[in-house]
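Values in this document were obtained by computation on a predicted structure and should not be read as measured data. To find a chain, count down the sequence lines: A is the first, B the second, and so on, and within it residues start at 1.
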2 protein chains.
Amino acid sequence: MTDDGSNDKPGAPKVPNVPVAPNVTLEAIARAAGVSPSTVSRILNGSARVLPAKQQAVEEAIARFNYRPNVLARSLASGRTETIGVLTQAVSSPFYAEWLRGIEEALYEPGFTPIFVSSRWNVAEEKARLEQFIARRVDGIILLHAQLDEPTLTDYSRHAPMLVLGRSVQNSATLAGLPIDNMQGARDATRHLIEQGHREIAFIAGPASHEDAIERLEGYRAALEEAGIGFDADLVEQGDYLETGGAAAMERLMARHPSFSAVFCANDQTAYGARLAMFRRGVRVPDDVSLVGFDDLPTSSYMTPPLTTVRQPTYEIGRLAAQGIVQMIRKQSIALSPIPLTLVTRETTRRITPPVKRGDTRT
Amino acid sequence: MTDDGSNDKPGAPKVPNVPVAPNVTLEAIARAAGVSPSTVSRILNGSARVLPAKQQAVEEAIARFNYRPNVLARSLASGRTETIGVLTQAVSSPFYAEWLRGIEEALYEPGFTPIFVSSRWNVAEEKARLEQFIARRVDGIILLHAQLDEPTLTDYSRHAPMLVLGRSVQNSATLAGLPIDNMQGARDATRHLIEQGHREIAFIAGPASHEDAIERLEGYRAALEEAGIGFDADLVEQGDYLETGGAAAMERLMARHPSFSAVFCANDQTAYGARLAMFRRGVRVPDDVSLVGFDDLPTSSYMTPPLTTVRQPTYEIGRLAAQGIVQMIRKQSIALSPIPLTLVTRETTRRITPPVKRGDTRT
DNA sequence: TTGTATGCGTTATCAT
DNA sequence: ATGATAACGCATACAA
């Protein structure tokens with residue numbers, strides 16, 4: 001294993017011989033310092049007072065051998081892994097990025113390490129990944145948009161406390177949900193359009209299998225109805241939360257029903273696609289058509305023009321989730337209130353009725 | 001631990017009682033199936049033939065108890081963790097997203113699990129994370145843009161084989177680099193601009209501390225010089241690889257030296273910022289100024305207009321890296337050739353000289 | 001083919 | 001305060 005012997009590769013330069021000893025054990029440290037393994041363990045964990053002299057000797061030995069405790073052995077013995085399983089639908093989605101960052105940063109201080117995996121929008125894989133977490137004996141689990149049904153989640157939560165983001169569940173000591181108010185966000189966005197004078201407002205929906213996509217559709221519908229405009233199914237096109245779907249939906253919309261003055265997209269990626277489709281057709285935003293997205297991805301403020309959208313405070317949500325799961329692990333009770341979303345008015349929407357009274361038209 | 005006893009919370013509905021047994025051990029399975037622990041182990045790992053009868057009995061017991069082997073114990077005993085440490089500079093950067101996806105997917109088949117962490121562009125943290133990997137006894141390590149010096153890397157590679165993406169190192173059995181040809185990519189991009197008739201080509205650089213940022217600057221310079229145009233330091237502004245830096249640099253550029261006809265940005269994010277700055281000033285792209293980025297982020301093809309940029313096949317690089325590290329773990333030799341980059345010509349660049357001869361001007 | 005015994009590197013429970 | 005000693009849950013060399 002530890003042969004640092006003859007390099008048979010001719011011409012391979014001698015690498016500088018740096019002192020990081022492989023596989024030093026706690027026992028070796030104990031021997032070197034002339035104490036018992038337990039003492040070393042105690043010093044490592046600060047779990048008891050030790051004579052300064054021995055403390056010194058041990059610390060010196062640790063430094064000299066560059067000793068690193070074996071996390072596996074430690075976890076096996078202690079029953080704690082200091083590890084949080086984080087399940088996303090897709091690690092690479094720009095939408096999850098900020099969540100992950102929030103989680104990672106907030107987990108750093110209390111000393112937990114996140115393990116990120118993705119289920120690739122696949123329920124079977126979601127289940128497999130959860131079982132992997134359990135097999136790894138994670139101390140807690142954070143789910144981003146779980147698709148599994150609640151009984152199953154409750155079931156898994158018996159192994160480790162679980163926090164589900166973007167979903168409301170029957171809260172217990174080991175299972176909690178942090179709902180996000182998609183309905184309200186979508187309603188606010190639509191209201192904004194209505195206030196700007198828009199009446200024919202198209203909607204490009206997300207996948208019908210997503211709870212939040214449905215909620216956003218409902219928010220759109222609710223705002224329409226409360227304004228007395230009424231919902232027109234003809235103005236709704238199906239997207240898939242991706243740019244390609246947004247572009248395709250927009251094409252269909254323009255072909256079928258070209259009279260709308262505004263489009264509300266179920267998420268920003270969809271809006272990107274829609275924007276491109278309009279650009280191709282020479283439709284100007286916002287001069288000809290107003291455009292609103294949902295999520296406020298980092299790049300949305302750099303679109304041309306910058307996209308008006310509904311902001312999810314994902315980084316903050318991530319932090320909240322991390323703090324929450326740690327509290328659950330420590331068996332402290334937590335109170336999670338639904339996350340409100342806020343409309344960020346940028347430059348893809350425009351008023352199409354004459355401004356009311358002596359309107360001071362600041363956007 | 002396993003008290004599923006009285007809920008003291010009044011009104012809490014009885015959750016469906018689902019059968020996932022906590023902490024079943026291999027030994028319990030052995031007992032239930034009437035065989036020895038080793039037999040169970042053998043069946044689990046397929047490490048030896050067993051009588052079909054016993055095989056059946058064991059499998060049935062496993063199913064009945066919903067048994068999941070404890071990964072920690074298994075790893076501690078076997079010395080293998082089936083785990084790959086993946087160090088990024090920032091999990092949330094759109095730039096790393098596709099790499100992670102490639103790595104994750106390619107690691108899936110051989111049965112390895114990636115552990116993603118980020119060092120947040122901090123060398124000290126990079127080191128800390130690496131030591132964490134070692135403490136976790138990962139079987140291999142993939143580094144995305146390591147900042148640590150080569151001797152240190154070589155040192156760490158004694159614990160687990162390491163693969164460094166975007167960098168060339170002295171290859172050995174345990175340390176390998178997969179360089180990316182930034183210089184070539186930048187030169188191609190600049191050449192493209194030159195071929196389009198541009199002479200005054202500005203450059204917004206990346207952070208000087210980044211090797212690849214320097215290479216890109218060199219590529220830009222090389223193309224200029226080989227075309228006899230010559231490098232003009234006055235046309236170079238400092239960016240930071242982020243949108244904000246790109247916007248600020250563009251502002252300075254326009255104020256200081258407004259005569260350029262094209263801008264080449266060290267990465268796409270910088271280009272996004274530059275694009276916005278021009279939009280604000282009413283400078284049209286590509287009519288007034290041509291714009292080229294670097295990286296080809298997923299959203300770049302949805303910019304308005306879609307961004308001409310240098311494409312890094314990140315997903316494929318991720319897959320390559322994953323396959324490579326597995327081979328190194330299996331002590332197979334690998335050959336990594338530098339990754340070539342390709343220019344993706346989209347719509348932010350435009351020819352500013354009359355087309356040569358009967359030019360058929362397809363973009 | 002199968003079972004027994006030992007080890008993996010810690011933590012934790014005892015005494016002392 | 002410190003040191004033996006027994007878990008932790010599994011793999012594996014060895015014996016049968």
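Looking at A:R167 and A:E150, no side-chain N of the basic residue comes within less than 4.0 Å of a carboxylate O on the acidic one, giving no salt bridge.
Between B:W121 and B:Y96, the angle of the ring planes lies from 30° to 60°, which puts this pair in the tilted group.
Remark: side-chain polar atoms of B:D139 are not paired, donor with acceptor, to backbone N or O of B:I84 under 3.5 angstrom. With hydrogens and angles disregarded, no donor-acceptor distance shorter than 3.5 Å links the side chain of B:Q89 to the backbone of B:S118.
Evaluation of the side-chain hydrogen bond (donor to acceptor under 3.5 Å, both in side chains) rule for A:T83 yields B:R136 as partners, not counting sequence neighbours.
Summarising the geometry, the separation between CD on A:Q55 and P on D:dA1 is reported as 12 Å, rounded to the nearest angstrom.
By the 4.5 Å heavy-atom criterion applied to side chains, A:T88 and A:V117 are not counted as neighbours. Side-chain atoms of B:V71 and A:R137, non-hydrogen and from C-beta on, never get closer than 4.5 Å to each other. Two residues are said to be in side-chain contact when any heavy atoms from C-beta on lie closer than 4.5 Å; A:P110 and A:R330 meet this criterion.
Side-chain N/O atoms of A:T39 include one lying less than 4.0 angstrom from OP1 or OP2 on D:dG3.
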Query raised in the report: For nucleotides 5-16 of chain C, read 5' to 3', which letter fits each nucleotide if B means a protein heavy atom sits under 4.0 Å from the base, S means only the sugar-phosphate is that close, and - means neither?
Result: --BBBBSB----

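Across the helix from C:dT1-D:dA16 to C:dT16-D:dA1, the helix axis at one end is tilted relative to the axis at the other end by 40° (nearest 10 degrees, each axis from five pairs).
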